[in-house]
Amino acid sequence: MDKIKLLVYGEGPTDYGWRDASGEWRAGPIIYLLQKCAAELQTELEIDYVDRSVIDGKKRMKFGMRRTRNVNGKGIPALRFTVYALDRGYTRGIFYCDTDKVEYGKNTRESDCKKHFEKIYEDVLQGLQDDISKKWIGIPMIALKMIECWLLADQDAYQNYFGSRPEKALLPKRPELIWGEKKEPKSDYPKNVMTRVLKQYHKEPGREVFIEIAKATQVRVLLEKCPISFSKFYEDFERLLLAET
């Protein structure tokens with residue numbers, strides 16, 4: 001089995017992880033999803049992490065206008081991630097984010113959701129490009145709407161972790177497409193849907209529960225239920241693993 005070293009960035013503890021009191025990194029749910037994808041592709045991962053504060057926080061790198069003129073939105077932190085990685089000799093990296101800052105309103109049509117996803121994907125991809133180093137390959141890992149959408153895909157994951165499939169609040173058929181009013185608990189806002197699903201198990205949303213769901217989630221189900229964002233990531237991830245650097 002091949003072994004690949006990766007640098008990974010995420011937006012917070014409920015996606016790519018956090019440092020515990022001892023300073024050691026604790027992996028979040030997307031890391032377990034990454035490991036599952038790698039296993040499917042007969043690859044072992046060695047993962048390093050970059051603190052969010054360095055990329056998109058108070059300690060973030062400063063660039064001149066000229067350096068950032070061709071990048072927009074989430075492409076700017078993606079560019080910081082690329083520079084950080086290259087400065088430290090990394091040849092492969094994954095930049096995780098989601099699209100939840102986009103205002104979808106009540107529009108959950110697949111074509112419109114895909115359009116929003118593709119815009120953010122292109123912004124991030126632009127930030128991950130490097131014209132100088134031919135050895136670097138960075139890919140986006142973008143959850144359409146938010147990480148909860150991916151974690152709402154596989155009912156068997158809930159069976160395996162909680163002992164039964166969701167019945168009082170069902171999982172959405174197309175979790176990538178759901179959306180609603182954040183302040184309305186009964187809406188299809190992904191965090192609200194997750195809250196209702198977990199309530200039947202007497203659990204609340206949080207990183208520990210998300211990690212267990214991710215561990216139990218099947219890659220094939222994610223590819224089927226989240227064909228816009230997860231399938232695109234899987235395609236790119238396979239390319240990253242096969243690339244010569």
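If you read the sequence from its start, that first residue is 1, and numbering goes on from there.
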| query | Is there a side-chain contact between Q126 and V71 (heavy atoms, below 4.5 Å)? | reply | yes
| request: Find the distance between CG (L79) and CZ (F95) and round it off to the nearest 0.5 Å. | output: 10.0 Å
| field | side-chain contact (heavy atoms from CB on, under 4.5 Å) between V50 and F81, worked out | value | CA-CA 8 Å; V50 52; F81 172 72; 3.8 Å; yes
| With sequence neighbours excluded, what pairs up with Y90 under the side-chain hydrogen bond (donor to acceptor under 3.5 Å, both in side chains) test? | D48
| request: Measure across L128 and I139 and return the closest heavy-atom pair with its distance rounded to 0.1 Å. | output: CD1-C, 3.4 Å
| Which heavy-atom pair separates C149 from I178 by the least distance, and what is that distance? | SG-CG1, 4.4 Å
| task | Can you measure from CG (L222) to CD (E176) and round to the nearest 0.5 angstrom? | result | 9.0 Å
| query | What pair of heavy atoms forms the shortest contact from K74 to C97, and how long is it? | reply | CD-SG, 3.7 Å
| request: For P190 and K145, work out which heavy atoms get closest and say how close. | output: CG-CB, 4.2 Å
| Cluster question for you: counting only ILVMFWY and a side-chain heavy-atom cut-off of under 4.5 Å, with indirect links fine, are L34 and V221 together? | no
| field | For K182, salt bridge (Lys or Arg N to Asp or Glu O under 4.0 Å) partners two or more places apart | value | none
| said: List the residues meeting side-chain hydrogen bond (donor to acceptor under 3.5 Å, both in side chains) with D15, not counting sequence neighbours, and say none if there are none. | reply: none
| Pairing of D56 and R80 as salt bridge, 4.0 angstrom limit | yes
| Side-chain touch L242/L41, heavy atoms, less than 4.5 angstrom | no
| task | Look at the side chain of T82 and the backbone N and O of A78, then say whether any donor-acceptor pair between them is shorter than 3.5 Å. | result | yes
| salt bridge (Lys or Arg N to Asp or Glu O under 4.0 Å) with K232: which residues, sequence neighbours excluded? | E235, D236
Extract all donor-acceptor atom pairs below 3.5 Å that involve side chains of residues 20-27 and protein atoms in other chains or at least two apart in sequence.
| unit_1 | atom_1 | unit_2 | atom_2 | d |
| --- | --- | --- | --- | --- |
| D20 | OD1 | S22 | N | 3.0 |
| D20 | OD1 | S22 | OG | 2.7 |
| D20 | OD1 | G23 | N | 3.1 |
| D20 | OD1 | E24 | N | 3.0 |
| W25 | NE1 | Y16 | O | 3.3 |

| field | Fellow cluster residues of W18, listed by chain then number, with links counted only when side-chain atoms sit under 4.5 Å apart | value | Y32, I211
| said: For a side-chain contact (heavy atoms from CB on, under 4.5 Å) check, start with the C-alpha distance between V54 and Y84, then their side-chain angles and the critical distance, and finish with the verdict. | reply: CA-CA 9 Å; V54 177; Y84 179 96; 3.7 Å; yes
| Pairs flagged by salt bridge (charged side-chain N to carboxylate O under 4.0 Å, His left out) wherever residues 158-169 is involved - sequence neighbours left out | D156-R165
| task | Check for a donor-acceptor pair, side chain of S187 on one end and backbone N or O of G180 on the other, with a separation under 3.5 Å. | result | no
| query | Taking only residues two or more places apart in sequence, or in another chain, which ones meet F210 in a ring pair (Phe, Tyr, Trp, His ring centres under 6.0 Å)? | reply | none
| query | Can you name the salt bridge (Lys or Arg N to Asp or Glu O under 4.0 Å) partners of E122, sequence neighbours left out? | reply | none
| query | How would you list, by chain and number, every residue that makes a side-chain hydrogen bond (donor to acceptor under 3.5 Å, both in side chains) with K203, sequence neighbours excluded? | reply | none
| According to the interplanar angle, ranging from 0 to 90°, do the rings of Y121 and F117 count as parallel (below 30°), tilted (30 to 60°) or perpendicular (above 60°)? | tilted
| field | Q129 side chain to L125 backbone, donor-acceptor under 3.5 Å | value | yes
| message | When you compare the side chain of V193 with that of P172, does any pair of heavy atoms fall below 4.5 Å? | response | yes
| note | Paired with D154, the side chain to side chain contact (heavy atoms under 4.5 Å, CB included) test is passed by just one of E224, Q218, K225, namely Q218
| request: Please list, chain by chain and in numerical order, all residues satisfying side-chain hydrogen bond (donor to acceptor under 3.5 Å, both in side chains) with T14, sequence neighbours excluded. | output: none
| With side chains defined as the heavy atoms from C-beta onward, is the minimum distance between K191 and P205 less than 4.5 Å? | no
| field | Pair E118 + K115, salt bridge at N-O below 4.0 Å | value | no
| task | Kindly give the heavy-atom pair with the smallest separation between Y9 and I55, and that separation in Å. | result | CE1-CB, 3.5 Å
| query | Do Y96 and D98 touch side chain to side chain, with heavy atoms closer than 4.5 Å? | reply | yes
| Do T43 and D2 have side-chain atoms, one donor and one acceptor, less than 3.5 Å apart? | no
| task | Establish whether Y201 and I213 are linked, either directly or via other cluster members, by ILVMFWY side-chain heavy-atom contacts under 4.5 Å. | result | yes
| remark: Rounded to the nearest 0.5 Å, the CD1 atom of I137 sits from the OG1 atom of T91 at a distance of 9.5 Å
| said: Let me confirm one number: the CE-CG distance from M141 to L240, rounded to the nearest 0.5 Å. | reply: 11.5 Å
| Residues W150 and S229: side-chain donor-acceptor under 3.5 angstrom | yes
| Any side-chain heavy atom of L241 sitting closer than 4.5 Å to one from L45? | yes
| said: Once salt bridge (Lys or Arg N to Asp or Glu O under 4.0 Å) is applied, do any residues pair with E110, and if so which ones, sequence neighbours excluded? | reply: R174
| Where the side chain of Q200 meets the backbone of A169, is there a donor-acceptor pair that is under 3.5 Å apart? | yes
| said: Side chains of M146 and Y189, heavy atoms from C-beta outward: is any pair under 4.5 Å? | reply: yes
| task | Identify the heavy atoms of K5 and R92 that sit nearest to each other, and give their distance. | result | O-CB, 3.8 Å
| Flag side-chain contact, heavy atom, 4.5 Å: T195 against E204 | no
